[in-house]
Asks: 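Attaching a single structure in structure tokens format; questions to follow.
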Amino acid sequence: MDAFSEELMGFVQKDNQVEASKDPVPEIHLPWLSQHIQSTGSHGQKGTNFAQTTSICLNFIQEALLKHQWQRASEFLQCYLQTLEDINSQKRQMAPEISLQHALYLLHNGMVEDAYRNLNQAESWRYGEMSASQEKLIKLIQAYRGLLDYYTWSKKRTEVSSFDMDGFATNAATQDMHSYFRQASVNLHEIIKIPGVWDTFVKSYVEMLEFYGDQDGARQVLTDYAYDNNFPSNPNAHIYLYKFLKKEKAPEDKLISVLKILHQIVPSHKIMLEFHMLLKKSNKEEHHKLGLEVLLAILDFSGCTENITAWSYLAKYLKQIIKGKHREWVQEGWSSRKDWWPTFHFSYYLAKKNWKENRILALKKAFTSGILLGKGCKYFMYVSKQGHKIREKSIKTMKKFVMKHNILDSEEH
């Protein structure tokens with residue numbers, strides 16, 4: 001596998017992770033082929049014979065591919081396609097999906113040129129009138145072809161910027177690169193108009209638009225992808241738009257409006273810490289109140305229980321809110337958590353564990369637990385006692401503030 005193939009596969013595999021806690025690669029349902037063929041050929045003896053024949057052929061193809069016997073696999077694939085030629089239209093219409101599956105396999109193994117040829121073959125397959133689902137499949141095939149054009153464009157862009165060329169060579173390379181941009185953009189633009197999750201395609205298309213200075217076009221693509229109600233809910237769409245607007249130095253109110261939606265979809269996403277800081281800097285009181293809820297929501301999730309940045313922000317913000325005479329915000333946020341946060345975050349066991357492993361984390365949590373649960377909280381009491389042993393000045397300051405400002409004592413008075 002050459003360096004370009006490795007780079008290509010790395011990009012696809014990277015996008016296979018959800019960026020919101022997940023970044024999905026374009027959502028395609030391509031069932032294992034032999035099962036698909038058997039299900040479609042299960043009606044009548046003729047269908048059964050077809051299913052048996054194609055299933056055997058597919059098994060041979062799979063075996064050959066797994067053993068890297070490319071010539072043998074190619075021969076069986078030709079046999080398989082010939083079988084498709086010999087049966088009815090329903091079976092013939094399955095050929096594009098099979099060709100796409102084969103192309104994805106080739107792509108996964110770094111055989112980029114072979115995958116491109118296979119996609120061209122799949123796109124050119126025609127038999128009778130196509131159904132709506134087949135038209136979508138053809139667009140998907142074209143989109144993957146566009147994605148490969150994008151990778152070629154990206155490779156050529158690197159070559160142009162990395163190598164010393166004379167004026168003529170640079171101009172020729174630039175024109176060649178632009179031709180791949182045109183080919184890729186046509187197909188990528190078409191697929192992202194269809195409701196679905198198309199993260200890899202959108203990112204590739206936007207990167208090319210930005211390169212050629214079409215900021216308005218790139219912004220529109222990302223805005224449509226994030227806000228079109230016909231598309232499924234997708235946190236990555238809002239992350240892409242936020243990062244683009246942030247890079248453009250868009251007004252903070254616009255950034256906040258994008259992250260509000262992401263907060264509703266994935267309240268534990270790491271960008272929520274940035275969201276909190278934006279809300280904190282805002283001049284609007286409603287944003288300041290939301291800033292507290294954002295931090296509490298992050299810490300509702302088990303994966304964030306030892307996020308020292310979140311606890312540090314929360315401890316500091318609680319002090320700011322209480323000094324700002326908005327104790328009711330704290331009481332409101334705590335009301336839905338008071339039955340389960342004490343065990344989830346503030347047990348005696350966790351106090352000992354946190355103090356042993358990370359004293360800064362323990363101090364931030366102790367302050368927060370004291371504000372929310374009062375001076376009798378087990379977590380707060382344990383950490384406070386450790387302060388006597390090490391004569392930690394910060395613990396003395398923490399105890400003094402908690403004794404005076406915790407919301408439990410204020411409710412009782």
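For this chain, numbers begin at 1 and follow the sequence in order.
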Asks: Please report the closest heavy-atom contact between Leu188 and Phe201, naming both atoms and the distance.
Replies: CD2-CD2, 3.5 Å
Asks: Can you find a heavy atom in the side chain of Trp355 that is under 4.5 Å from one in the side chain of Leu363?
Replies: yes
Asks: When you compare the side chain of Asn234 with that of Tyr225, does any pair of heavy atoms fall below 4.5 Å?
Replies: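 Yes, their side chains come closer than 4.5 Å.
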Asks: List in chain and number order the residues that pass side-chain hydrogen bond (donor to acceptor under 3.5 Å, both in side chains) with Lys247, two or more places apart in sequence or in another chain; answer none if no residue qualifies.
Replies: Glu210
Asks: What residues, two or more places apart in sequence or in another chain, satisfy side chain to side chain contact (heavy atoms under 4.5 Å, CB included) together with Ser233?
Replies: Ile265
Asks: Anything under 30° is parallel, anything over 60° is perpendicular, the rest tilted; go ahead and classify Trp341 against Phe346.
Replies: perpendicular
Asks: Considering only heavy atoms from C-beta outward, does the side chain of Lys399 approach that of Phe380 to under 4.5 Å?
Replies: yes
Asks: Return the set of residues passing salt bridge (Lys or Arg N to Asp or Glu O under 4.0 Å) with Glu357 (not counting sequence neighbours), or none when no residue passes.
Replies: Lys353
Asks: Quick one: list whatever passes salt bridge (Lys or Arg N to Asp or Glu O under 4.0 Å) with Glu252, sequence neighbours left out.
Replies: Lys281
Asks: With sequence neighbours left out, what residues match Lys284 under salt bridge (Lys or Arg N to Asp or Glu O under 4.0 Å)?
Replies: Asp253
Asks: Which residues pass the side-chain hydrogen bond (donor to acceptor under 3.5 Å, both in side chains) test with Glu293, sequence neighbours left out?
Replies: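 With neighbours one apart ignored, the set is Arg337.
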Asks: What is the distance from atom CG of Asn307 to atom CG of Leu314, rounded to the nearest 0.5 Å?
Replies: 11.0 Å
Asks: Distance from Leu209 atom CG to Gln215 atom CD, nearest 0.5 Å?
Replies: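 Going from the CG atom of Leu209 to the CD atom of Gln215 covers 9.0 Å.
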Asks: Does the side chain of Arg157 reach to within under 4.5 Å of the side chain of Glu207, using non-hydrogen atoms?
Replies: yes
Asks: Any side-chain heavy atom of Tyr180 sitting closer than 4.5 Å to one from Gln183?
Replies: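 Yes. Closest side-chain heavy atoms under 4.5 Å.
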Asks: Grab the two heavy atoms, one from Gly146 and one from Ala184, that are nearest each other, plus how far apart they are.
Replies: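 Minimum heavy-atom separation between Gly146 and Ala184: O-CB, 3.3 Å.
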Asks: Roughly how far, to the nearest 0.5 Å, is the CE atom of Met208 from the NE2 atom of His178?
Replies: 10.0 Å
Asks: Closest approach of Arg327 and Ile407, non-hydrogen atoms and distance?
Replies: CG-CG2, 3.8 Å
Asks: Considering only heavy atoms from C-beta outward, does the side chain of Leu350 approach that of Tyr382 to under 4.5 Å?
Replies: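 A side-chain contact under 4.5 Å is absent here.
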Asks: His288: which residues meet the ring-ring contact (aromatic ring centres under 6.0 Å, His included) condition with it, sequence neighbours left out?
Replies: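 Counting only residues at least two positions away or on another chain, His288 forms no ring-ring contact (aromatic ring centres under 6.0 Å, His included).
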Asks: If I take atom CG from residue Asn406 and atom CG from residue Leu318, how far apart are they, to the nearest 0.5 angstrom?
Replies: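 Result: 11.5 Å between the selected atoms.
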Asks: Please lay out, stage by stage, how Val258 and Tyr227 fare under the test side-chain contact (heavy atoms from CB on, under 4.5 Å).
Replies: CA-CA 10 Å; Val258 174; Tyr227 290 120; 3.5 Å; yes
Asks: Quick check for you: to the nearest 0.5 Å, what is the distance between Leu245 atom CG and Tyr240 atom OH?
Replies: 15.0 Å
Asks: What class does the angle between the rings of His405 and Phe401 fall in, given that below 30° is parallel, 30 to 60° is tilted and above 60° is perpendicular?
Replies: tilted
Asks: Are any of the side-chain heavy atoms of Tyr313 and Thr309 separated by less than 4.5 Å?
Replies: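 In short, these two side chains touch, coming nearer than 4.5 Å.
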Asks: Can you sort out the partners of Asp228 under side-chain hydrogen bond (donor to acceptor under 3.5 Å, both in side chains), two or more places apart, ordered by chain and number?
Replies: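 Scan of Asp228 (side-chain hydrogen bond (donor to acceptor under 3.5 Å, both in side chains), adjacent residues dropped) gives Asn230.
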Asks: Any sub-3.5 Å donor-acceptor pair from His345's side-chain atoms to Leu299's backbone N or O?
Replies: yes
Asks: Answer yes or no: are there more than 12 heavy-atom neighbours, outside Tyr212 itself, under 6.0 Å from its atom OH?
Replies: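 Enclosed: over 12 neighbouring heavy atoms sit under 6.0 Å from OH of Tyr212.
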Asks: Dump the intermediate steps for side-chain contact (heavy atoms from CB on, under 4.5 Å) on Glu332 and Lys289, then the final yes or no.
Replies: CA-CA 10 Å; Glu332 183 180 333; Lys289 183 179 180 181; 3.0 Å; yes
Asks: Do any N or O atoms from the side chain of Trp340 and from the backbone of Ser336 form a donor-acceptor pair under 3.5 angstrom?
Replies: yes
Asks: Can you check side-chain contact (heavy atoms from CB on, under 4.5 Å) on Val186 and Arg182, steps first, answer last?
Replies: CA-CA 6 Å; Val186 169; Arg182 289 196 302 270; 5.7 Å; no
Asks: Is there a side-chain contact between Met398 and Ser384, using heavy atoms and a 4.5 Å cut-off?
Replies: yes
Asks: Taking everything shown except Ile308 itself, do over 12 heavy atoms lie less than 6.0 Å from its CD1?
Replies: yes
Asks: Once you round to the nearest 0.5 Å, how far does SG of Cys377 lie from CD1 of Ile371?
Replies: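 Here the interatomic distance stands at 11.5 Å.
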Asks: Tell me, please, which residues at least two apart from Asp224 pass salt bridge (Lys or Arg N to Asp or Glu O under 4.0 Å).
Replies: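 In terms of salt bridge (Lys or Arg N to Asp or Glu O under 4.0 Å), with neighbours along the sequence ignored, Asp224 is linked to no residue.
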Asks: For Ala297 and Pro267, which heavy atoms make the closest approach, and how far apart are they?
Replies: CB-CB, 4.0 Å
Asks: Counting N and O atoms only, with roles assigned by atom type, does the side chain of Ser369 sit under 3.5 Å from a partner on the main chain of Ala366, one being a donor and the other an acceptor?
Replies: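 Checking the backbone N and O of Ala366 against the side chain of Ser369, a donor-acceptor pair under 3.5 Å is found.
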Asks: Mind checking what makes side-chain hydrogen bond (donor to acceptor under 3.5 Å, both in side chains) contact with Lys365, not counting sequence neighbours?
Replies: Asn354
Asks: Are the side chain of Trp329 and the backbone of Leu290 linked by a donor-acceptor contact shorter than 3.5 Å?
Replies: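 The answer is no, because no donor-acceptor pair under 3.5 Å joins these two groups.
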Asks: Residues two or more places apart in sequence or in another chain: which of them pass side chain to side chain contact (heavy atoms under 4.5 Å, CB included) with Ala315?
Replies: Lys364, Phe367, Thr368
Asks: Using atom types as modelled, flag every donor-acceptor pair under 3.5 Å from a side chain in residues 272-280 to any protein atom, sequence neighbours excluded.
Replies:
unit_1 : atom_1 : unit_2 : atom_2 : d
Glu274 : OE1    : Tyr242 : OH     : 2.5
Glu274 : OE1    : Lys246 : NZ     : 3.0
His276 : ND1    : Gly291 : O      : 3.1

Asks: For Ala218 and Val206, work out which heavy atoms get closest and say how close.
Replies: CB-CG1, 3.9 Å
Asks: Could you report the tightest heavy-atom contact between Leu147 and Ser204, atom names first, then the distance?
Replies: CD1-OG, 3.4 Å
Asks: Go through Phe211 and Trp153 one step at a time and tell me if the side-chain contact (heavy atoms from CB on, under 4.5 Å) criterion holds.
Replies: CA-CA 11 Å; Phe211 179 83; Trp153 172 87; 3.6 Å; yes
